[in-house]
Amino acid sequence: MKKPTIIIIVVLVVLVALAGLVLHFYKASIDSAGKSTNSNQDKNPSASAGFSILDDKDFNSSTKMESYKLGDAEFKIYPMDDSTNKGGYFEVYQQSKKVFSSEPNYGIGELVAFKLGENKYVIVDDYSGGAHCCDTDYLFRINKDSQVKLLKKFEMGNARLTKESLLFKNSKLYLVLMDDSFQYFHVPYALSYFFTQYYRLDGDNVVVANSDFKDDLIRTAEACEAKILKDPIKADDQGHYWLNDLICYVTNYTLAGKQADALKKFDGYFNHFYPSGTGKDEFGEVIKRDTLKKEIIDILKDERFK
């Protein structure tokens with residue numbers, strides 16, 4: 001055999017061997033990645049748990065009983081009966097058996113249904129009919145066996161749960177709740193400061209999750225703090241008011257776990273507007289620095305949606 005032919009054969013053998021080696025490592029890499037992904041999903045099932053809105057129903061204008069079904073679970077919505085002046089209410093059925101009934105109130109507003117993992121959930125909004133109040137929202141879980149469970153009853157006051165309240169982030173579902181604890185706090189309702197709290201759905205539990213949004217809360221607090229000294233001493237026609245921004249600053253730092261830091265500056269900000277430590281609020285009522293501080297702290301001690 002000629003020498004060039006031998007060289008060609010050797011080169012071909014080497015190329016075939018290299019191709020086999022590359023294929024082996026590529027396959028091992030794919031297998032390893034697949035095992036790693038499966039392993040992570042096993043350790044954290046929520047990582048692969050999908051979230052989707054199923055329905056968003058409005059029953060505010062209903063004049064007859066309406067039914068909403070999810071598998072073997074059924075929600076019956078009854079409107080207010082003007083002839084008897086009986087308030088609207090709703091009932092929940094599990095495989096045709098009634099498992100829950102709300103007290104007649106005024107009217108059922110919105111129903112939001114969503115899916116998370118293997119479970120389905122329904123939020124029902126019950127409205128009292130007041131000018132600024134009140135909404136009571138119910139969160140139900142329906143498992144794969146169509147078993148219905150009331151997870152939580154939220155006294156929302158002037159706010160309510162809607163589909164926009166649901167935030168799916170980092171494979172976790174959060175409820176973004178508007179808190180009206182400072183309504184009429186030294187200001188008319190239209191000027192009242194409402195703030196955001198975050199709760200997380202953990203299995204059948206709803207837990208406080210403000211710490212998961214610490215950076216957002218701090219940014220909000222700092223934005224409000226930057227406006228305090230520029231604010232008017234009396235609210236203007238655009239709603240600018242030093243006390244609201246001071247409350248915003250303290251509140252959001254408190255939710256972020258940094259209340260002590262905010263309170264260090266509280267006296268100085270109050271004294272900027274009222275050096276004597278005493279002033280007047282938007283109702284013309286006397287407010288005192290230390291009393292006001294205590295009022296804010298006491299309101300924030302109350303875990304509103306616990």
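Shown here for Y241 and K234, the closest heavy-atom pair between the two residues is CD1-C, 4.0 Å. Here the closest non-hydrogen pair linking Y253 and A262 is CB-CB, 3.8 Å. The shortest heavy-atom contact between M178 and A159 is O-CB, 3.5 Å. Smallest separation of non-hydrogen atoms from V148 and A73: CG2-CB, 3.7 Å.
Ion pair D290/K294 not flagged as a salt bridge, since none of the NZ, NE, NH1 or NH2 atoms sits closer than 4.0 Å to an Asp/Glu carboxylate oxygen. Taking the charged nitrogens against the carboxylate oxygens, K265 and E225 do have a contact shorter than 4.0 Å, which makes a salt bridge. One finds a salt bridge joining D202 and R200 here, because a Lys/Arg side-chain nitrogen approaches an Asp/Glu carboxylate oxygen to under 4.0 Å. Checked for salt-bridge contact, D180 and R304 meet the test: a charged N lies under 4.0 Å from a carboxylate O. Salt-bridge check for E110 with R160: passed, with a basic side-chain N closer than 4.0 Å to an acidic carboxylate O. Remark: K153 does not engage D137 in a salt bridge, criterion side-chain N to carboxylate O under 4.0 Å. Classification of K76 and E91 as a salt-bridged pair fails, no side-chain N sitting under 4.0 Å from a carboxylate O.
Counting heavy atoms of neighbouring residues, nucleotides and ligands inside a 6.0 Å radius, atom CD of Q147 exceeds 12 of them. Residue E103 qualifies as open at atom CD: its count of foreign heavy atoms under 6.0 Å is 12 or below. Atom NZ of K152 is surrounded by more than 12 heavy atoms from other residues, nucleotides or ligands within 6.0 Å. Counted within 6.0 Å of OH on Y68, heavy atoms from surrounding residues, nucleotides or ligands total more than 12; the atom is thus considered enclosed. By the neighbour-count criterion of 12 heavy atoms within 6.0 Å, atom NZ of K115 is densely surrounded, having more than that number from other residues, nucleotides or ligands.
Proximity of I53 to L166: side-chain heavy atoms (C-beta onward) are separated by under 4.5 Å at one or more points. Annotation: side chain of D126 is not in contact with side chain of D135 (no heavy-atom distance under 4.5 Å). Between I287 and H186 there is a side-chain heavy-atom pair separated by less than 4.5 Å. Considering only heavy atoms from C-beta on, I108 stays 4.5 Å or farther from Y127 through its side chain. Looking only at side-chain heavy atoms (C-beta outward), I218 and N252 stay at 4.5 Å or farther from each other. Looking only at side-chain heavy atoms (C-beta outward), L191 and Y184 stay at 4.5 Å or farther from each other. At least one side-chain heavy atom of T251 sits less than 4.5 Å from a side-chain heavy atom of L300. The shortest distance between side-chain heavy atoms of Y198 and T196 falls below 4.5 Å.
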Checklist entry - Passes side chain to side chain donor-acceptor pair (under 3.5 Å), D145 versus N143? Steps please. => result CA-CA 5 Å; D145 298 319; N143 67 14; 4.6 Å; no
Item to check | Check against salt bridge (charged side-chain N to carboxylate O under 4.0 Å, His left out), K293 and D267 | outcome: CA-CA 9 Å; K293 185 194 303 183; D267 290 0; 2.9 Å; yes
Next on the checklist: What verdict does the side chain to side chain contact (heavy atoms under 4.5 Å, CB included) test give for K214 and K258, after you've listed the backbone C-alpha separation in whole Å, the side-chain angles of each residue and the deciding distance to 0.1 Å?
Outcome noted: CA-CA 10 Å; K214 182 176 180 179; K258 297 169 68 69; 4.3 Å; yes
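In terms of modelled atom types and a separation under 3.5 Å, the side chain of T220 and the main chain of D216 share a donor-acceptor contact. A donor-acceptor contact shorter than 3.5 Å is absent between the side chain of D82 and the backbone of N85. Judged by distance alone, with hydrogens and angles left aside, the side-chain atoms of S165 form no donor-acceptor pair with the main-chain N or O of L177 at under 3.5 Å. Checked by atom type and distance alone, the side chain of D179 pairs as donor or acceptor with a backbone atom of S181 at under 3.5 Å. Checking side-chain atoms of S62 against main-chain N and O of K64 turns up no donor-acceptor pair under 3.5 Å. Side chain of D81 to backbone of S83: a donor-acceptor contact under 3.5 angstrom is found. In terms of modelled atom types and a separation under 3.5 Å, the side chain of N170 and the main chain of K172 share no donor-acceptor contact. In this structure, S128 contributes its side chain and C134 its backbone to a donor-acceptor pair below 3.5 Å.
Ring geometry, F305 versus Y199: the interplanar angle exceeds 60°, so the pair is classed perpendicular (tilted spans 30 to 60°). By the 30° and 60° cut-offs, the orientation of the rings of F182 relative to F185 is perpendicular.
For F100 and F140, the distance between ring centers is under 6.0 angstrom. In summary, the aromatic rings of W242 and F270 are positioned with their centroids under 6.0 Å apart. Checked against the 6.0 Å centroid threshold, F90 and Y138 count as a close aromatic pair.
For the ring-ring contact (aromatic ring centres under 6.0 Å, His included) with Y174, the lone residue among F168, F51, F213 that qualifies is F213.
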